[in-house]
Amino acid sequence: MARSTHRSRKAKQKEIVSARQAGGEEKEKEEEKEEEEEEEEDAREVHEVARLLKHQMAENGIVKLLVQWVNEGEEDATWEAEEEIQQNAEEVLYEYWKAQGGRVNALFHQPRNAPAETYHVFRVLRHEKKNRGGFQFEVQWVGHPATRGETSMEAEPKLKNVAPELLQEYWESVGGRAKYLAPRGRAKKVRTE
C-alpha cells in the first residue's frame, strides 16, 4: 500500500473541542502540552491510501482528490492536493487517472464547461544545452508519470517564470548552473620567446 501524510481530521476536531472546554490556565496548559506533542510527532501522521474516490479542480487550477485511508471508512475520506499524493503514492494516483480514461480526458474533455488545460510543474528531470546558448529542461507535470510522451522539454526562461523554486532546486541537485556554462571569450595565449 502507498503511504501519504495528512493531519487526522478527528484529531484536529478533538483538539478544537478540548480547547473550547478548557478554561483559563487549564486551556493554556493544554495548548502547551499539545504544542510539545506536535513537535515530537512532526504534527503529521502517516496513513496509507486505500483508494482515491473522486476528484475536483479548484478555481486556481489545483486538482484535489478525495482520499479514503486504510482502516477508515468513506465518511472519513479527506481532500488532498494531487501533488502531495503524487509525491507519496504515485502508483495509486496513476491507476486512478487510468481508470478515469486519463487525466486530461477526466479533467478537460469529459466535464461540461471544462476549464482550459493547465499544467503545473512537478519536477525538473534533466537539462540539455541549446545550440544558441541557454538550456532546456525535461519537465514532469503534476498528475503525470515521468515517462516518454508524458514529459516535455521547456525553455529556461519559461521555467524561471512558472517554477523558479523547482528550477533552483534542480540546479542545486546537479552542482549548480555555472558548472554547465562554457567559458566566455577567448583564452589568452601565452607567448614564449
Using a 4.5 Å side-chain heavy-atom cut-off and chaining through intermediate ILVMFWY residues, the residues clustered with Trp79 come out as Leu53, Leu66
For Lys158, give me all partners under salt bridge (charged side-chain N to carboxylate O under 4.0 Å, His left out), at least two apart in sequence or on another chain. Glu154
Expected list for residues 99-107: side-chain donor-acceptor pairs under 3.5 angstrom, two or more places apart:
residue : atom : partner : partner atom : Å
Arg103  : NE   : Glu82   : OE1          : 3.4
Arg103  : NE   : Glu82   : OE2          : 2.9
Arg103  : NH2  : Glu82   : OE1          : 2.8

Flag side-chain contact, heavy atom, 4.5 Å: Val92 against Arg51: no
For the residue pair Leu125 and Tyr170, establish whether any side-chain heavy-atom pair is separated by less than 4.5 Å. no
side-chain contact (heavy atoms from CB on, under 4.5 Å) involving Asn131 - partner list, sequence neighbours excluded: none
Describe, in one word, how the ring planes of Tyr96 and His55 are oriented to each other, choosing from parallel (under 30°), tilted (30 to 60°) and perpendicular (over 60°). perpendicular
Side-chain contact test, heavy atoms from C-beta onward, threshold under 4.5 Å: evaluate it for His120 versus Phe122 and give yes or no. no
Residues 164-180 vs salt bridge (charged side-chain N to carboxylate O under 4.0 Å, His left out), sequence neighbours excluded, gives Glu156-Arg177
In a table with atom names and distances, give each donor-acceptor pair under 3.5 Å that connects a side chain of residues 133-145 to protein atoms at least two apart or in another chain.
residue : atom : partner : partner atom : Å
Gln136  : NE2  : Glu128  : OE1          : 3.0
Glu138  : OE1  : Arg126  : NE           : 2.7
Glu138  : OE2  : Thr151  : OG1          : 2.8
Gln140  : OE1  : Arg123  : NH1          : 3.2
Gln140  : NE2  : Tyr94   : OH           : 3.3
Gln140  : NE2  : His144  : O            : 2.9
Trp141  : NE1  : Ser152  : OG           : 3.1
His144  : ND1  : Glu150  : OE1          : 2.7

Across all chains, not counting sequence neighbours, the side-chain contact (heavy atoms from CB on, under 4.5 Å) partners of Pro115 are Met57, Phe108
Nearest 0.5 Å please: distance from the CG atom of Leu93 over to the CG atom of Asn88. 11.0 Å
For Tyr180, which residues count as a side chain to side chain donor-acceptor pair (under 3.5 Å) partner, sequence neighbours excluded? none
Heavy-atom check, side chain of Val121 versus side chain of Leu167, under 4.5 Å: no
